[in-house]
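For ligands, and for the atoms within them, numbers begin at 1 and follow the listed sequence.
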Amino acid sequence: MNAGGGIRFDVVTLFPDFVRAAVSYGVAARACARGLLQLVAWNPRDYARDRHRSVDDRPYGGGPGMVMKVEPLRDAIQAARTAVADRASVICLSPQGRLLDQVRVQELSQHSRLILLCGRYEGIDERLIEAEVDEECSIGDYVLSGGELPAMIVIDAVARLVPGVLGHPGSAGQDSFGAGLLDCPHYTRPVEIGGRRTPEVLLSGDHQAVARWRHKQALGRTWLRRPELLERCMLDAQARSLLQEFIDEYQG
Ligand SMILES: CC(C)(C)c1cccc(C(=O)NCC2(NC(=O)c3cccc4nocc34)CCCCC2)c1
């Protein structure tokens with residue numbers, strides 16, 4: 001975070017309008033309006049020197065597709081670095097990168113600014129990555145058309161952790177017990193629909209019972225659907241006994 005407590009993202013991308021959508025709606029848009037979040041896009045095509053303003057070229061060694069050239073990307077990154085004096089980490093979104101998780105998102109949210117580099121075509125000339133990139137980050141193992149959607153995911157996840165961005169920090173996955181657990185089921189009006197009724201505990205007005213039920217559901221659903229997440233959170237004695245209660249009921 002910078003002095004103002006906010007965060008600035010400089011995104012190097014061939015599609016600035018695409019990534020700007022990440023901060024044009026909802027919580028992120030409000031954070032921008034309040035100066036807690038800033039996104040500046042830098043298009044390598046604006047730094048392509050040749051007559052055709054080319055940002056890509058054919059791969060050495062042959063093969064299909066094109067490769068992003070060093071110079072336009074290097075000059076776009078340099079322009080981003082110069083725009084705001086302080087040193088910024090350059091993160092390249094890439095399938096070769098370290099898998100993004102909430103722990104990494106929390107680490108990234110400590111920066112006051114981040115430069116995000118998005119690949120297109122078959123990829124970026126390796127010498128640009130060696131010369132300019134501090135780390136590579138992947139959002140997961142599937143084939144994508146570019147690094148822009150991954151960059152937008154990083155922006156959304158990190159922006160939510162900037163103080164003041166979320167109305168009440170407890171919302172959406174950051175619940176008191178939530179660190180690392182899946183969400184409990186949610187219900188709202190009408191109390192019954194399609195023959196399915198809201199669990200009575202949620203109508204009881206007993207806040208302690210509601211909190212206990214939600215924690216138990218979060219533990220149980222994580223155990224059922226994503227047991228590997230459970231290993232990462234250190235369950236205290238109370239959580240372990242709640243989970244055991246869920247398992248006993250589940251196994252009937
Ligand atoms: C993982 C897998 C399936 C084995 C794989 C293996 C080899 C290539 C790709 C792939 O998708 N290449 C295309 C490319 N993808 C990405 O940028 C990208 C993909 C996935 C998660 C990401 N997180 O950030 C960026 C990510 C966009 C165009 C420029 C070259 C990279 C995928």
Side-chain angles (χ1 to χ4, degrees), residues 7-25 28 37 39-48 52-81 88-111 113-162 173 226 228-229 232:
I7 189 164
R8 168 173 161 148
F9 292 98
D10 291 84
V11 185
V12 177
T13 171
L14 291 171
F15 304 112
D17 289 345
F18 188 19
V19 296
R20 281 196 195 100
V23 297
S24 305
Y25 304 90
L37 173 63
L39 187 154
V40 179
W42 304 83
N43 190 335
R45 202 170 294 285
D46 297 337
Y47 300 88
H52 304 290
R53 299 183 68 208
S54 48
V55 294
D56 61 314
D57 203 340
R58 296 178 19 255
Y60 279 125
M66 302 293 272
V67 174
M68 295 184 86
K69 292 174 62 61
V70 172
E71 301 97 316
L73 287 172
R74 179 198 59 203
D75 296 352
I77 291 169
Q78 194 47 48
R81 286 191 201 281
S89 290
V90 177
I91 297 174
C92 179
L93 286 310
S94 151
Q96 285 76 249
R98 171 181 159 185
L99 199 57
L100 184 74
D101 62 11
Q102 195 63 22
V103 170
R104 187 70 191 120
V105 169
Q106 272 148 2
E107 290 165 357
L108 291 174
S109 72
Q110 303 308 308
H111 291 266
R113 58 178 305 223
L114 291 167
I115 298 176
L116 304 181
L117 174 59
C118 306
R120 280 275 161 174
Y121 305 105
E122 298 308 307
I124 295 170
D125 187 305
E126 192 64 16
R127 293 162 296 181
L128 185 280
I129 295 167
E130 287 168 2
E132 300 287 343
V133 172
D134 296 300
E135 64 174 277
E136 296 180 75
C137 170
S138 172
I139 61 159
D141 297 334
Y142 18 77
V143 179
L144 298 177
S145 309
E148 282 79 12
L149 283 169
M152 293 162 78
I153 282 167
V154 168
I155 291 166
D156 187 75
V158 169
R160 294 173 59 83
L161 299 184
V162 172
R226 297 289 307 278
E228 77 281 6
L229 287 182
R232 276 200 233 168

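With sequence neighbours excluded, the residues satisfying side-chain contact (heavy atoms from CB on, under 4.5 Å) with Leu229 are Leu182, Thr222, Arg226, Arg232. For Ala157, the side-chain contact (heavy atoms from CB on, under 4.5 Å) criterion is met by Val105, not counting sequence neighbours.
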What does the N/O contact table under 3.5 Å look like for ligand 1?
from: ligand 1; atom 1: 11 (O); to: Leu144; atom 2: N; distance (Å): 2.9
from: ligand 1; atom 1: 23 (N); to: Ile139; atom 2: N; distance (Å): 3.0
from: ligand 1; atom 1: 24 (O); to: Ser94; atom 2: N; distance (Å): 3.2

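The two residues Ala80 and Ile115 make their nearest non-hydrogen contact at CB-CD1, 4.1 Å.
Judged by distance alone, the side chain of Asp134 and the main-chain N or O of Val90 form a donor-acceptor pair under 3.5 Å.
A salt bridge between Arg104 and Glu107 is present, with a side-chain N of the basic residue lying under 4.0 Å from a carboxylate O of the acidic one.
Pairs engaging residues 60-73 under the salt bridge (Lys or Arg N to Asp or Glu O under 4.0 Å) rule: Lys69-Glu71 [sequence neighbours left out].
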